[in-house]
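This report concerns only the one structure given below.
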Number of protein chains: 2
Amino acid sequence: MRTFVTVVDTGQFQHAAADLSITQQAVSKRIAGLEKDLAVRLFTRTARGARLTIDGQAFLPHARELLRVAERAVASVLPGSRPLRVDVIASRSAASGLMRGFHRTHPEIELDVVMLFDVETAVAAIRSGAIDASFRAVAVPGRPLPEDIESVRVLAEPLQLLTGPAHALAGARSVTVAQLAGHRIWMPGIVPGTEWAAYYDDLVAEFGLTIEATGPNFGSDALLDTIADTPALATFMGEQTRLVWPAGHGLRRIPVTDPTPVYPHSLLWHRDNPHPGLATLRAHLAATATSHDAAGTWAPGWVIPR
Amino acid sequence: MRTFVTVVDTGQFQHAAADLSITQQAVSKRIAGLEKDLAVRLFTRTARGARLTIDGQAFLPHARELLRVAERAVASVLPGSRPLRVDVIASRSAASGLMRGFHRTHPEIELDVVMLFDVETAVAAIRSGAIDASFRAVAVPGRPLPEDIESVRVLAEPLQLLTGPAHALAGARSVTVAQLAGHRIWMPGIVPGTEWAAYYDDLVAEFGLTIEATGPNFGSDALLDTIADTPALATFMGEQTRLVWPAGHGLRRIPVTDPTPVYPHSLLWHRDNPHPGLATLRAHLAATATSHDAAGTWAPGWVIPR
DNA sequence: CTTAGTACACAACTCACGGTTGTGTGATTT
DNA sequence: AAATCACACAACCGTGAGTTGTGTACTAAG
């Protein structure tokens, strides 16, 4: 691909060969091989160079794009000035939404999003420089953050109940936490030891809910499928989670009140991290922070205060 | 890259090897080679498979993107169901703008844009199936379109005068064609034999203008540069052409009247072309057609009637 | 604790492929 | 007609990507 683009840019095989520090014959072979693989002629050879065929013209932007993507791929793991690397708790969490918003307003900042196992892994990764920031519900009980890790609350996301059309609460405009007692709430994929597990443990302990975390996570499609079809099951979902599910299938989102459980998202980063994108991210989050940390909400006692 | 993604998707080297029809050792070597080239560890090898490292997680989306782009690149020259291939007269012509608009409203339709030499080449390419459609100012004098080529007028773009700040007409809010007589108008890059050349030849013959088409085209940057700095020179530019030049540098766009020369763009395609995107494109153009073919405009007599 | 099984790495080998040098052909220029 | 230019073809060769064979570390079962 690089040879193809170089030939296009220089206009002739010989010049491209010089640019690539190989012989003209090697360029000829590479182009011939590419043409053979694609089963089309990319250049018309003339007596003073090579001109693109129509197929070649159509192919060219894709070739350039491929080189760009390859370069970005290498840059994504290049120590030094690599893209801002941010850990989110799940791909359909509010943190992901925040990062999408950040990317929309700052498309010039290269971004890589990863998903680590738990806070401790995230903190270790931040300290080692493997990631630049992490969205977490710091901190798990009894584990204060190290001194070199800074954090700030960025979002408190209300939880909503998600039910199928045949669920007993499907018709309710809102439900209280007390009403949920006795109903089966299913949260597959909650891994013991993570802050999600700690969060729901606290929720269960405080309000006597029945939360089943059993079973492996077969993905959100399977979860929604089961919820839609099983009258006795419901699940929690962040208010800002956008369901990929088309509005059909009869799924209902029902606000929870008295109090509204909110999931607190904080941004963590290393005190000394010099990445320029990190400062931009923090500024962006500070500017767009929605502070509906109103009364009538509940969060575990161990979340860090604002 | 494909091996890397396959290992991620299958979770282990052996399974990936089976998928790729190579041995486990070959997969091991490929991954080791990739890790060596990138100088990072992509997987942590465990006793029951391979898990991504943080670097691997950051690298993964880029790898997937690379494969997607590679696939699109191949598809762009694949006979059969390849992307809609459209020829435009120049990258900064109104036709390019129309295609950008089409892509914006129909992003699902794969598109490749090429630029051919002249109408005859375009017509030949349409008949051979090398391209699916072409934006042209059909037809050059004395050359009627073949019967199997259909065409429809899609846009009549008014020409404007572009001058530097020191030009004699720089202060005018509009100029008449008669006023342009005696001024030097510079249009580099107009290749003899093309419909652009025929258009400007007619314009010169009818109104006695002085148009210099000499000199090779050094790109629009060089053109704008010269226009901005040379008080005695002006050039024509389509009304819809977006200048990449920042508003600075004192360039002036001046409407031309009595009459307003318009450049007529038509879409050409083959009667029997079954490409689904072509029908969509025609429908889109019909829906968004702007018909300011009002009185007071001029176009060469040989352009096809509406 | 032993044994079997799983999963990846290392070593030795081999052949195909990508590069080189050398030469040929057709077009353009002088 | 000669010289130059640009690319293709042919022969050769070494690297490297694949193979087979084996080793090691970990897990699971008896």
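Below, read A as the first sequence line, B as the second, and so on, with proteins coming before strands; counting in each chain starts at 1.
Taking the six-membered ring wherever Trp is involved, the centroid distance between the rings of B:His265 and B:Tyr263 falls below 6.0 Å.
A salt bridge does not link A:Asp19 to A:Arg2: none of the charged side-chain nitrogens sits closer than 4.0 Å to a carboxylate oxygen. Between B:Asp9 and B:Arg64 there is a salt bridge, with a side-chain nitrogen of the basic residue lying less than 4.0 Å from a carboxylate oxygen of the acidic one. Salt bridge present: B:Arg127 and B:Asp148 bring a charged side-chain N and a carboxylate O closer than 4.0 Å. Looking at B:Arg68 and B:Glu71, no side-chain N of the basic residue comes within less than 4.0 Å of a carboxylate O on the acidic one, giving no salt bridge. Salt bridge B:Arg136/B:Asp87: present, at least one basic N to carboxylate O contact under 4.0 Å.
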### Check against side chain to side chain contact (heavy atoms under 4.5 Å, CB included), A:Arg45 and A:Phe13
CA-CA 9 Å; A:Arg45 280 75 162 170; A:Phe13 284 33; 3.9 Å; yes

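How far CG of A:Leu116 is from CD1 of B:Ile54: 4.5 Å, rounded to the nearest 0.5 Å. Between the CZ atom in B:Arg30 and the CD atom in B:Gln25 there is a gap of 13.0 Å [rounded to 0.5 Å].
Remark: B:Phe13, B:Gln14 in residues 13-20 of chain B come within less than 4.0 Å of DNA chain C through at least one heavy atom.
A heavy-atom distance below 4.5 Å is not found between the side chains of A:Asp132 and A:His270. By the 4.5 Å heavy-atom criterion applied to side chains, A:Gln12 and A:Val7 are not counted as neighbours.
Residue A:Ser28 places no side-chain N or O under 4.0 Å from the OP1 or OP2 atom of D:dC7.
Partners of A:Arg51 by side chain to side chain contact (heavy atoms under 4.5 Å, CB included), not counting sequence neighbours, listed by chain and number: A:Thr44. Applying the side chain to side chain contact (heavy atoms under 4.5 Å, CB included) test to A:Leu34 and every residue at least two apart in sequence or in another chain returns A:Phe4, A:Leu38, A:Leu42, A:Phe59.
In this structure, CZ of A:Arg45 is placed 16 Å from C1' of D:dC5, rounded to the nearest angstrom. Look at CD on A:Gln12: it is 15 Å from P on C:dT28, rounded to the nearest Å. Between the CD atom of B:Glu35 and the C1' atom of C:dC10 there is a distance of 15 Å, rounded to whole Å. Straight-line distance from the CD1 atom of A:Ile31 to the C1' atom of D:dA6: 14 Å, rounded to whole Å.
Using a 4.0 Å heavy-atom distance criterion, A:Ala50 is classed as a sugar-phosphate-only contact. Within the nucleic acid shown, B:Gly49 comes within 4.0 Å of sugar-phosphate atoms alone, with no base atom in reach, counting heavy atoms only.
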### Message
Counting primed atoms plus P, OP1 and OP2 as sugar-phosphate and everything else as base, spell out the protein contacts along nucleotides 24-30 of chain D at 4.0 Å heavy-atom distance: B, S or - for each nucleotide, 5' to 3'.
### Response
--SS---

#### Entry: Heavy-atom protein contacts under 4.0 Å, nucleotides 11-24 of chain C, coded B base, S sugar-phosphate only, - none
-------BBBBBB-

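Terminal axes of the helix from C:dC1-D:dG30 to C:dT30-D:dA1 (five pairs each, C1' rotation axis) are separated by 30°, to the nearest 10°.
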